[in-house]
Amino acid sequence: MKVVYRIMAALALALVAVCAKAGTPTNERWQQCVLEAIDSFPQHGGYYTGGRPNQDFSKTTLQALNEAYHMRLADQRPQFNPQKAQPSFCSSATYAVLVKALLMWDTDGKIPRAAWLNIKPYVGIVDYINDKGIGEDDGFGFWGRANANGPGVAVLVHELKAGYSITAYRGAKSEKNKEKPGERYMTDEEWNANPVWQQAVPGDIMKIFWNRNETNGSDSGAIIGCNDVKTDDQERGHSVVFLGYEPNGDIRYWSSNGPGKNNKELGYSVATCPRTRVQRVVFTRITQPEHFANASKMPPTSENKYLSGLNGKRHSTTAEMKKMIGAK
């Protein structure tokens, strides 16, 4: 399967070069590191969002992620072992690839030890670095931002000044979720032809807000974040790495994919979906990975109130989201 990944990466990198020549701001070396980082991950390994080990999984995703990110007090940078990062879920997968790509890219120490200490996932487990067992909820610290509802990674990258994001929205289908009078839910033809799809580059981190209007009548793809109103639609999303398109135009991506009937057999994998299954999308492109050095100013207790609020308190408007991710 790694051979398949390498072939896919080679094809994807050809598209990266085309986009770069077309004037799209792209750091080709970084995009290559992301795609090569994916190649270092195992296949599957299990999909699990639970908070305790069970008969299927001897450890949780957070325990596995903490083991994979190995750093001692005397270390200048961590080691990250993808084989230990099992089981997983979608945002842990994109975070893990981001860390692995940073380690592959930073061959000359541009990212200081202080930044690596904060990039570490603080998940409530006592270890060499996290001697108080701090846990980062959504919106807190580096991991808490990357793991947040809404455009978590996009907000993180914007805060660090490490890249930019582009976004598109098909519109709400239900009247209750429309943000302004006259808001239209685009036709399939209009949405498939949206310019955002041509601007995406393999290696971008992609946040999918699922369109479930035609499958179960839910307009949750119009929603950013989760509030505390039980009768409201809530965000239903997926954090992935964009890999390109199938010959028929379907989106191809890598992540920890699940849940399903047998979560032990799921996890890290390539998947595809039609563009019409996406109701809202955010593509985040890292162009200045050296600015992850700014994570040295993002301790585990630092809070992004926008992201923390999306964790069970409130929803976001499209305009507010664009402001928080720096998108035009």
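As the structure is a prediction and not an experimental result, all values here were calculated from the model.
Using a 4.5 Å heavy-atom cutoff, the side chains of Asp232 and Gln234 are in contact. At least one side-chain heavy atom of Val278 sits less than 4.5 Å from a side-chain heavy atom of Cys273. Side-chain contact between Phe89 and Tyr48 is absent, with no heavy atoms from C-beta onward closer than 4.5 Å. Using a 4.5 Å cut-off on side-chain heavy atoms (C-beta onward), His70 and Lys84 make no contact. At least one side-chain heavy atom of Pro82 sits less than 4.5 Å from a side-chain heavy atom of Lys100. Here the side chains of Ile38 and Leu243 are in contact, with some heavy-atom distance below 4.5 Å. You'll find the side chain of Asp228 stays beyond 4.5 Å of the side chain of Lys313, heavy atoms only. Side-chain contact between Trp105 and Arg29 is present, with heavy atoms from C-beta onward closer than 4.5 Å.
Expressed to the nearest 0.5 Å, how far SG of Cys226 lies from CG of Asn311 amounts to 7.5 Å. To the nearest 0.5 Å, atom CG of residue Leu310 and atom CD1 of residue Ile223 are 11.5 Å apart. Atom NZ of residue Lys323 and atom NE2 of residue His158 lie 10.0 Å apart, to the nearest 0.5 angstrom. Once rounded to the nearest 0.5 Å, the distance linking CE of Met321 with OG1 of Thr317 reads 9.0 Å. In this structure, the separation between CZ on Arg275 and CD1 on Ile208 is 12.5 Å, given to the nearest 0.5 Å. Of the inter-residue distances, the one linking Thr167 atom OG1 with Met206 atom CE reads 10.5 Å to the nearest 0.5 angstrom.
The two residues Ile224 and Gly150 have their closest heavy-atom pair at CG2-CA, 4.0 Å. Considering all non-hydrogen atoms of both residues, Ser316 and Tyr306 come closest at OG-OH, 2.8 Å. Residues Ser256 and Ala93 share a closest heavy-atom pair of N-CB, 3.5 Å. Residue Gln63 comes nearest to Pro53 through the heavy atom pair OE1-CG, 3.8 Å, listed as atom of the first residue, atom of the second, then distance. Of all the heavy atoms in Pro300 and Ile134, the pair that sits closest is CB-CG2, 4.2 Å. Of all heavy-atom pairs between Ala154 and Val282, the closest is CB-CG1, 3.9 Å.
The residue from Glu183, Gln279, Lys322 that alone fulfils the side-chain hydrogen bond (donor to acceptor under 3.5 Å, both in side chains) condition with Tyr169 is Glu183. Each of Lys132, Lys120, Arg72 was checked for a salt bridge (charged side-chain N to carboxylate O under 4.0 Å, His left out) with Asp127, and the lone residue meeting it is Lys120. Partner of Tyr268 under the ring-ring contact (aromatic ring centres under 6.0 Å, His included) criterion, chosen from Tyr47, Tyr253, Phe41: Phe41.
Under the 4.5 Å side-chain heavy-atom criterion for ILVMFWY residues, no single connected hydrophobic cluster contains both Tyr164 and Leu307. Cluster annotation: Met324 and Met298 are assigned to distinct hydrophobic clusters (Ile/Leu/Val/Met/Phe/Trp/Tyr, side-chain heavy-atom contacts under 4.5 Å, transitive). Hydrophobic clustering (ILVMFWY, side-chain heavy atoms < 4.5 Å, transitive): Trp254 and Met104 are in distinct clusters. Grouping the Ile, Leu, Val, Met, Phe, Trp and Tyr side chains by contacts below 4.5 angstrom, directly or via other members, places Ile325 apart from Leu98. With hydrophobic clusters built from ILVMFWY side chains whose heavy atoms lie under 4.5 angstrom apart, Val97 shares a cluster with Leu160.
Annotation for Glu246: atom CD counts as buried by contact number, over 12 foreign heavy atoms lying within 6.0 Å. For Lys173, the NZ atom sits in a packed shell: over 12 heavy atoms of surrounding residues, nucleotides or ligands are nearer than 6.0 Å. More than 12 heavy atoms of other residues, nucleotides or ligands lie within 6.0 Å of NZ in Lys176, so this atom counts as buried by the packing criterion.
Of the possible polar contacts, none joining the Asn211 side chain to the Gly221 backbone as a donor-acceptor pair under 3.5 Å is found.
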- Where do Asn263 and Asp56 land on the side-chain contact (heavy atoms from CB on, under 4.5 Å) test, with the steps shown first? CA-CA 8 Å; Asn263 286 330; Asp56 290 333; over 6 Å; no
- Show your reasoning for whether side-chain contact (heavy atoms from CB on, under 4.5 Å) applies to Asn257 and Leu266. CA-CA 6 Å; Asn257 295 304; Leu266 300 177; over 6 Å; no
- Derivation and outcome, salt bridge (charged side-chain N to carboxylate O under 4.0 Å, His left out), residues Asp188 and Arg170: CA-CA 9 Å; Asp188 287 355; Arg170 184 171 179 171; 2.6 Å; yes
- Evaluate the side-chain contact (heavy atoms from CB on, under 4.5 Å) criterion for residues Ser239 and Tyr95: first the C-alpha distance (whole Å), next the side-chain angles of each, then the deciding distance (0.1 Å), finally the verdict. CA-CA 9 Å; Ser239 181; Tyr95 162 86; over 6 Å; no
- Please step through side-chain contact (heavy atoms from CB on, under 4.5 Å) for the pair Val34 and Trp30, ending with a clear verdict. CA-CA 6 Å; Val34 173; Trp30 169 257; 3.4 Å; yes
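Not counting sequence neighbours, Asn81 has no partner by the side-chain hydrogen bond (donor to acceptor under 3.5 Å, both in side chains) test. Residues passing the side-chain hydrogen bond (donor to acceptor under 3.5 Å, both in side chains) test with Thr276, sequence neighbours excluded: none.
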Listing, residues 286-293 side-chain donor-acceptor contacts under 3.5 Å, not counting sequence neighbours, or none:
residue	atom	partner	partner atom	Å
His291	ND1	Lys161	O	2.5

Just distance, no hydrogens or angles: give the donor-acceptor pairs under 3.5 Å from side chains in residues 108-118, sequence neighbours left out.
residue	atom	partner	partner atom	Å
Asp108	OD1	Lys110	NZ	3.4
Asp108	OD2	Lys110	NZ	2.7
Arg113	NE	Leu73	O	3.4
Arg113	NE	Asp75	O	3.0
Arg113	NH2	Leu73	O	2.4
Trp116	NE1	Ile111	O	3.3
Asn118	ND2	Ala295	O	2.8
Asn118	ND2	Ser296	O	3.3

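Listed by first then second residue, pairs satisfying ring pair (Phe, Tyr, Trp, His ring centres under 6.0 Å) with a partner in residues 173-210 read Trp191-Trp197, Trp210-His238, not counting sequence neighbours. The list of side-chain hydrogen bond (donor to acceptor under 3.5 Å, both in side chains) pairs with a residue in residues 136-148, not counting sequence neighbours, reads Ser91-Asn147, Arg145-Glu159, Arg145-Ser302.
Using a 4.0 Å cut-off between a side-chain N of Lys or Arg and a carboxylate O of Asp or Glu, Arg280 and Glu235 do not qualify as a salt bridge. The pair Glu175-Lys178 meets the salt-bridge criterion, with a side-chain N (NZ, NE, NH1 or NH2) lying under 4.0 Å from an Asp/Glu carboxylate O. A salt bridge does not link Arg212 with Asp233: every distance from a Lys NZ or Arg NE/NH1/NH2 to an Asp or Glu carboxylate oxygen is 4.0 Å or more. A salt bridge does not link Arg236 with Asp219: every distance from a Lys NZ or Arg NE/NH1/NH2 to an Asp or Glu carboxylate oxygen is 4.0 Å or more.
With no hydrogens or angles considered, no side-chain donor-acceptor pair links Thr61 and Ser88 at under 3.5 Å. Thr318 and Glu179 share a side-chain donor-acceptor pair at under 3.5 Å.
Remark: Arg285 is not positioned above the aromatic ring of Phe242, lacking an NZ or CZ atom under 6.0 angstrom from the ring centre and at most 45 degrees off the axis.
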